[in-house]
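Following: one structure in structure tokens, then a few remarks.
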Amino acid sequence: MEPGPALAWLLLLSLLADCLKAAQSRDFTVKDIIYLHPSSSAICEGEQLAPADEGFACLQLSNRPATPYPGGFKCFTCEKAADNYECNRWAPDIYCPRETRYCYTQHTMEVTGNSISVTKRCVPLEECLSTGCRDSEHEGHKVCTSCCEGNICNLPLPRNETDATFATTSPINKTNGHPHCMSVIVSCLWVWLRLTL
């Protein structure tokens with residue numbers, strides 16, 4: 001086979017792959033947040049940030065105004081949105097209830113990775129004890145859940161075991177109840193879940 005036709009096929013396949021990527025639903029990015037909430041960009045313009053940290057740091061800085069209670073935070077919130085963009089685009093800009101502490105995300109997808117539904121909300125610790133991925137009752141669907149601690153930290157979707165985690169910024173044993181017992185229970189549940197999945 002001559003190099004000309006082989007190269008032409010390679011270029012054609014590359015062009016088709018780019019077209020398919022453009023046809024898929026797009027994901028929600030930090031730039032979308034700044035576009036939708038211009039006050040975020042005004043605060044970010046005056047800060048000296050490293051380019052890699054700029055987007056997330058701007059999100060953290062944009063919430064400097066007083067919160068309704070100490071440690072108040074926001075999460076992206078939606079119920080069974082079509083994809084991450086639709087969820088984050090229309091999420092209400094309100095603070096989480098005081099009894100919650102984490103941002104929760106449940107992502108249902110096809111085996112190919114295409115989103116079927118996205119649910120995000122503010123949750124207490126108890127709802128974050130079963131993060132990870134599992135096969136759904138519906139044939140060919142996978143459900144991944146994740147929890148995180150921090151202001152609007154549930155921007156991305158969990159798509160695999162690496163993303164479907166419980167990420168905290170402070171020790172879990174600071175919750176109400178017996179601190180030592182709670183951390184032991186959480187650790188045991190985490191190990192048990194990892195062994196059964």
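Side-chain atoms are counted along with the backbone in the values below, which use heavy atoms only and exclude waters and symmetry mates.
Exactly one residue among Ser146, Cys147, Ser130, Cys148 makes a side-chain contact (heavy atoms from CB on, under 4.5 Å) with Phe166. That residue is Cys147.
A heavy-atom distance below 4.5 Å is found between the side chains of Phe73 and Cys103.
Side-chain N or O atoms of Asn160 include one that pairs as donor or acceptor with a backbone N or O of Asp163 at under 3.5 Å. Side-chain atoms of His107 come within 3.5 Å of backbone atoms of Pro158 as a donor-acceptor pair (strictly under, hydrogens ignored). Without hydrogens or angle criteria, Asp83 side chain to Val118 main chain gives no donor-acceptor distance under 3.5 Å.
Of all heavy-atom pairs between Lys74 and Asn151, the closest is N-OD1, 2.8 Å. For Leu157 against Ser115, the heavy-atom pair with the smallest separation is CD1-OG, 4.0 Å.
Between Asn114 atom CG and Thr108 atom OG1 the span is 13.0 Å, to the nearest 0.5 Å. Distance CE/Met109 to CD1/Ile116: 9.0 Å, rounded to 0.5 Å. Rounding to the nearest 0.5 angstrom, the gap separating the CG atom in Asn154 from the OG1 atom in Thr119 is 11.5 Å. One finds the CD1 atom of Ile152 at 11.0 Å from the OG1 atom of Thr77 (value rounded to the nearest 0.5 Å). Atom-to-atom distance recorded for Cys128:SG and Tyr102:OH is 7.0 Å, nearest 0.5 angstrom. Taking CZ of Arg159 as the start and NZ of Lys142 as the end, the distance is 9.5 Å to the nearest 0.5 Å.
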From CA spacing to verdict: side chain to side chain contact (heavy atoms under 4.5 Å, CB included), Arg134, Thr145: CA-CA 9 Å; Arg134 61 176 168 75; Thr145 57; 6.0 Å; no
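For Thr168 and Glu149, the side-chain atoms include no donor-acceptor pair closer than 3.5 Å.
Residue Ile94 is not grouped with residue Phe76 when hydrophobic side chains (ILVMFWY) are merged at heavy-atom distances under 4.5 angstrom, including chains of intermediate members.
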